[in-house]
Amino acid sequence: MSEQKDSEAIKMKEFLRELPAIHEIQKTEHYKLLRSSGKFSDKLLMKMVRDSTNYLRDKLVNGDMESNRCTEQEFLRIILSELEKKTQAYLKSRLTNLINGTGTVLHTNLGRSRLSELAVNHVMEVAAGYSSLEFEITDGKRGSRHDIVENLVKETTGAEAAMVVNNNAAAVFLILRALAKEKEVVVSRGQLVEIGGSFRISSIMEESGANLVEVGTTNKTHLFDYENAVNENTSMILKVHTSNFKTIGFTETVATNDLVNVKNQNPQVILYEDLGSGSLYDFQGIGIGDEPIVSDIIESGVDLVSFSGDKLLGGPQAGIIAGKKELIEKLKSHQLARVLRVDKMTLAALEETLKIYLSDEQTLEKLPTIRDIKKPIEVIRAQAESFREQMKDLSYEISVEDGTSQVGGGTMPDVELPSSIAAISHNRFTAEELAAHLRKGTPPIITRVKDNRVIVDFRTITDEEMPLVVEGFKYLR
Ligand SMILES: *Cc1c(COP(=O)(O)O)cnc(C)c1O
């Protein structure tokens with residue numbers, strides 16, 4: 001027994017000695033081609049060669065491969081094929097475009113908002129050249145990057161002043177830190193929310209150094225709860241949009257107007273509303289959800305609001321802060337404003353996005369987020385039918401059915417947008433297998449799986465993307 005083991009170990013050692021040396025690999029055409037491609041530094045290429053050799057060695061040592069069947073040529077072939085895999089994987093971008101077949105318009109894992117073409121073009125121009133990021137062209141003096149979109153935010157929200165930071169989480173943090181550090185901030189227990197990805201109002205409050213004063217209960221907070229909690233130590237009342245959930249039944253929250261009254265009786269108190277999504281468009285007016293419009297909130301008399309750039313607004317990731325000039329000035333001059341500032345590409349995208357809101361109703365459709373949330377079911381159904389037609393005679397069974405899509409991004413959680421879906425089964429793959437194959441395609445197609453069928457919701461698929469979807473499915477015929 002042990003003799004046999006020993007002899008196997010000796011055999012293995014011999015085999016490992018026969019593994020091609022690095023210089024043998026370097027002599028191959030394959031290696032030379034990789035080297036002359038210019039896509040890899042010598043250092044990186046050598047690392048990948050060593051890793052590929054180690055891959056084979058591990059396979060032999062672990063007994064994953066029958067070593068006695070291998071010739072040196074075969075060893076070389078395995079190493080080169082592994083090297084090819086590694087170099088291909090290296091060239092592929094991790095961040096890659098894909099087709100969102102889920103119908104969820106603001107899919108947090110898929111990058112939330114698509115940018116409008118106007119925004120994308122402006123980003124490309126600005127990014128490729130020098131720009132007036134912090135420069136006043138008229139007088140040749142240093143300018144402020146805050147000025148780039150401030151007027152547009154003022155126009156679209158009616159606020160006195162505005163600024164932009166990295167995202168809405170950063171906006172909440174900056175506001176608490178700069179205006180309420182070591183002071184009391186009153187928040188309803190019903191609004192101590194967690195917004196996906198570990199952003200909790202209570203934790204961010206703790207990090208900011210502000211002292212949380214909880215009022216009310218999970219389901220009900222009354223005006224008198226706020227009135228009783230506010231005293232001379234109170235610096236802020238924070239109202240948080242409970243974006244991603246709804247309390248139903250025996251509930252009560254205090255309207256912004258009433259909080260404005262509490263604030264007016266306590267002049268040192270700042271009323272700040274974290275709007276989460278912060279819509280500039282009246283979705284409620286077209287029968288979708290009950291999202292407040294930013295300008296209405298500003299008009300009601302709150303001191304500050306903040307909201308995301310890439311949720312309902314349909315722009316780049318950003319946190320927009322709007323409100324009283326005096327407070328915005330304090331925020332702009334705080335050290336953290338520099339830490340949380342946005343770059344020129346964000347500002348370029350945001351500038352064009354906000355401009356669209358100042359155009360007519362028809363031009364608003366240039367914002368993919370608004371266009372897709374409003375997309376009529378007939379248009380979606382026509383896409384689904386066209387897809388089914390093009391898949392005829394292949395290995396699929398496809399039925400076009402009514403379905404619903406979500407707005408997503410933690411906004412309007414109770415809104416179901418009427419949609420049309422293609423429910424697809426394949427005669428060899430299970431739905432899970434089919435969905436996995438589609439994810440591995442180029443571009444990847446992301447679908448939902450329900451009742452052992454793959455579901456594609458065409459709300460989030462454009463006409464331009466349709467041929468890619470068709471090709472993706474045809475490829476797996
Ligand atoms: C989404 C959200 C945030 C975080 O915004 P990001 O832009 O994702 O950082 C904060 N507060 C509320 C209420 C939200 O809905």
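For clarity, every value in this text was computed on a predicted model and none was experimentally measured. Numbering of residues begins at 1 and proceeds along the displayed sequence. Ligands are counted one by one from 1 in listed order, and the atoms in each one are counted from 1 as well.
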Open item on the list: Does anything in residues 273-300 form a ring-ring contact (aromatic ring centres under 6.0 Å, His included)? List the pairs, not counting sequence neighbours.
Closed with: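 Sorted result for residues 273-300: Tyr281-Phe283.
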
- [ ] Could you name each residue pair satisfying ring-ring contact (aromatic ring centres under 6.0 Å, His included) that touches residues 94-136, not counting sequence neighbours?
- [x]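 Sorted result for residues 94-136: empty, none.
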
Test: [X] and [Y] ion pair at under 4.0 Å:
X      : Y      : result
Arg341 : Glu134 : yes
Glu150 : Lys325 : no
Glu160 : Lys154 : no
Glu365 : Lys374 : yes

What protein heavy atom is closest to [atom], reported as residue, atom name and distance in Å?
atom                    : answer
atom 7 (O) of ligand 1  : Ser308 OG, 2.7 Å
atom 15 (O) of ligand 1 : Ser243 OG, 2.4 Å
atom 5 (O) of ligand 1  : Asn168 CB, 3.1 Å

TODO: Using distance alone, decide if ligand 1 has a nitrogen or oxygen within less than 3.5 Å of any nitrogen or oxygen in Lys311.
DONE: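 It does: an N or O of Lys311 is found under 3.5 Å from an N or O of ligand 1.
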
Open item on the list: I want to know if ligand 1 touches Ala169 in the polar sense, i.e. an N/O pair below 3.5 angstrom.
Closed with: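 Yes, Ala169 has an N/O under 3.5 Å of an N/O on ligand 1.
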
TODO: Indicate whether any N or O donor in one side chain lies under 3.5 Å from an N or O acceptor in the other, for Glu273 and Thr256.
DONE: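 Indeed, the side chains of Glu273 and Thr256 share at least one donor-acceptor pair under 3.5 Å.
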
Under 4.0 Å from any heavy atom of [X], which atoms of ligand 1 are there?
X      : result
Gly276 : 12 (C), 13 (C), 14 (C), 15 (O)
Arg112 : 6 (P), 7 (O), 8 (O)
Phe199 : 10 (C), 11 (N)
His241 : 13 (C)

Task: Winner among Leu106, Val165, Asp274, Asp310 once heavy atoms are compared against atom 12 (C) of ligand 1 - done: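 Comparing heavy atoms across Leu106, Val165, Asp274, Asp310, the nearest one to atom 12 (C) of ligand 1 lies in Asp274.
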
